[in-house]
Amino acid sequence: MTKDILISRRAVIASGIALGVSGFASLARAAAPLKVAGIHASPVENAWNSCLHRALQDAAKEGVIEYVFSEGVSGTDYPRAMREYAEQGNKLIIGEAYAVEKEARQVAADYPDTAFVLGSSGEQAGDNFGVFGTWNHDGAYLAGMLAGKMTKSNVVGSVGAIPIPEVNMLINAFAAGVKAVNPDAKHLVSFIGTFFDPPKAREAGLAQIDAGADILFGERIGTADAAKERGIKSVGSLIDYTPRYPDTVFANAMWYFRPILDAAIADVAAGKPVGRNYTSYGLMKEGGSDIVFVKGVAPAEAEAAMEAKRAEIKAGTFEVPKMMDEPK
């Protein structure tokens, strides 16, 4: 490979992850589409940004929103882009504050009538600055359970962007899944120092393979290229990489932005403050993330154990540890 007008999360899930055609169709008919702008620090082909971009595009196709966007916006230009979109009358601005946390909050304070909902490692601010995290760690843990039973060298690797809390949590979850089924496995970790540099991720992956890893977790796009080149298996993150790497990527820790987007749109449409944390809409038990995998690649008993744990996560009887310290 979504509570009052703030529709319940489980109702969102029942409508097929995205409210779009059902819950928001009446909203679209009842009022003009909401003007929404997306500001992407990386190209929209980057996995994380593509999740936001696709959800926004889908909402636009359904007539729920009018969508404009900018991509590849540098940290120095980001506050300016926020101000410009606010000045243009966009009612909701979606983006990322990771590199501009202080500046983004200042812009939001200057435009109290504009709703800002941004990816962030910090907390919400005021009535109009909401945040969300990318919590697909449930899927990463489950993929780690499969990898832990598949590795023959007893060494797996993870290639990440920058050791911010969310990236750390994702890689730590993958490692925890591996260790849950294979306590003796070794886990290698590399950070490439940027959010988008596929060649650099590939080189980091190759170095881990040279150090003995026979399965790679690609928190960053480009990792699977190293795995493909050396004929080993890989795990993708955020989107489904298997169609692009059919003989390499056997599992993906998916993240779906649409439930978060729908909740934010509903708040804006209802005139409610967006100054809250929307992260939980992206959890597996809420339908905002999952694992997709190719059946038959991992041993049958490993798949059965993983599916049992997946059911526990969805039922809320098991919670994947949230470990945000930098993995070593």
Side-chain angles (χ1 to χ4, degrees), residues 1 47 136-161 163 167-192 198-255 289-310 320-321 323 327-328:
M1 319 151 225
N136 59 325
H137 60 298
D138 292 333
Y141 180 92
L142 297 175
M145 290 181 66
L146 297 179
K149 286 296 187 180
M150 290 171 57
T151 177
K152 294 180 172 59
S153 67
N154 235 26
V155 181
V156 300
S158 294
V159 177
V167 173
N168 296 341
M169 180 174 66
L170 187 60
I171 291 175
N172 285 330
F174 173 74
V178 172
K179 294 286 187 178
V181 300
N182 186 352
D184 297 325
K186 183 179 180 180
H187 179 229
L188 307 177
V189 184
S190 300
F191 293 99
I192 64 172
K200 197 168 184 178
R202 171 185 166 274
E203 290 299 324
L206 290 173
Q208 291 184 351
I209 296 170
D210 288 342
D214 63 355
I215 298 176
L216 298 181
F217 174 57
E219 193 276 327
R220 284 297 104 183
I221 187 171
T223 309
D225 293 306
K228 180 180 179 180
E229 186 174 323
R230 296 293 182 85
I232 69 168
K233 297 299 183 183
S234 181
V235 174
S237 178
L238 299 174
I239 63 175
D240 187 356
Y241 285 96
T242 300
R244 192 184 308 182
Y245 304 92
D247 299 318
T248 302
V249 178
F250 70 95
N252 300 271
M254 304 293 290
W255 182 63
S289 60
D290 210 336
I291 182 174
V292 296
F293 67 101
V294 181
K295 293 185 178 181
V297 177
E301 63 272 19
E303 290 184 4
M306 183 276 290
E307 287 285 16
K309 190 60 66 177
R310 180 174 178 237
V320 174
M323 299 173 286
K328 305 296 183 182

Side-chain contact, heavy-atom cut-off 4.5 Å: [X] with [Y]?
X	Y	result
Ile171	His187	yes
Gln208	Val159	yes
Leu142	Phe293	no
Phe191	Val167	yes
Lys233	Val294	no

Taking every non-hydrogen atom, the tightest pair across [X] and [Y]:
X	Y	value
Thr151	Asn182	CG2-ND2, 3.8 Å
Met306	Leu146	CB-CD2, 3.9 Å
Gly218	Ser234	N-OG, 4.5 Å
Pro327	Asn168	CD-OD1, 3.4 Å
Val249	Ala224	CG2-CB, 3.9 Å
Gly157	Ala213	N-CB, 3.9 Å

Residues Asp214, Arg230: salt bridge by 4.0 Å N-O rule: no
Lys/Arg N to Asp/Glu carboxylate O, Arg310 vs Glu307, below 4.0 Å: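 Here Arg310 pairs with Glu307 in a salt bridge, since their nearest N and O are under 4.0 Å apart.
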Starting at [atom1] of [X], measure out to [atom2] of [Y] and round the result to the nearest 0.5 Å.
X	Y	atom1	atom2	answer
Ile192	Lys200	CD1	NZ	7.0 Å
Met254	Ile239	CE	CD1	7.5 Å
Glu229	Thr248	CD	OG1	11.0 Å
Ser158	Ile215	OG	CD1	11.0 Å
Glu303	Glu301	CD	CD	9.0 Å

Measure from the side-chain N and O atoms of [X] to the backbone N and O of [Y], and report whether any donor-acceptor pair falls under 3.5 Å.
X	Y	result
Asn136	Ala253	yes
Asn252	Tyr241	yes
Lys149	Ala302	no
Lys328	Leu188	no

Contact list for residues 218-228, test side chain to side chain donor-acceptor pair (under 3.5 Å), sequence neighbours left out: Asp225-Tyr245
Candidate pair Phe250 and Thr242, rule side-chain contact (heavy atoms from CB on, under 4.5 Å), full reasoning: CA-CA 6 Å; Phe250 70 95; Thr242 300; over 6 Å; no
Donor on one side chain, acceptor on other, Asn154 and Asp184, under 3.5 Å: no
Lys179 atom NZ: more than 12 heavy-atom contacts under 6.0 Å: yes
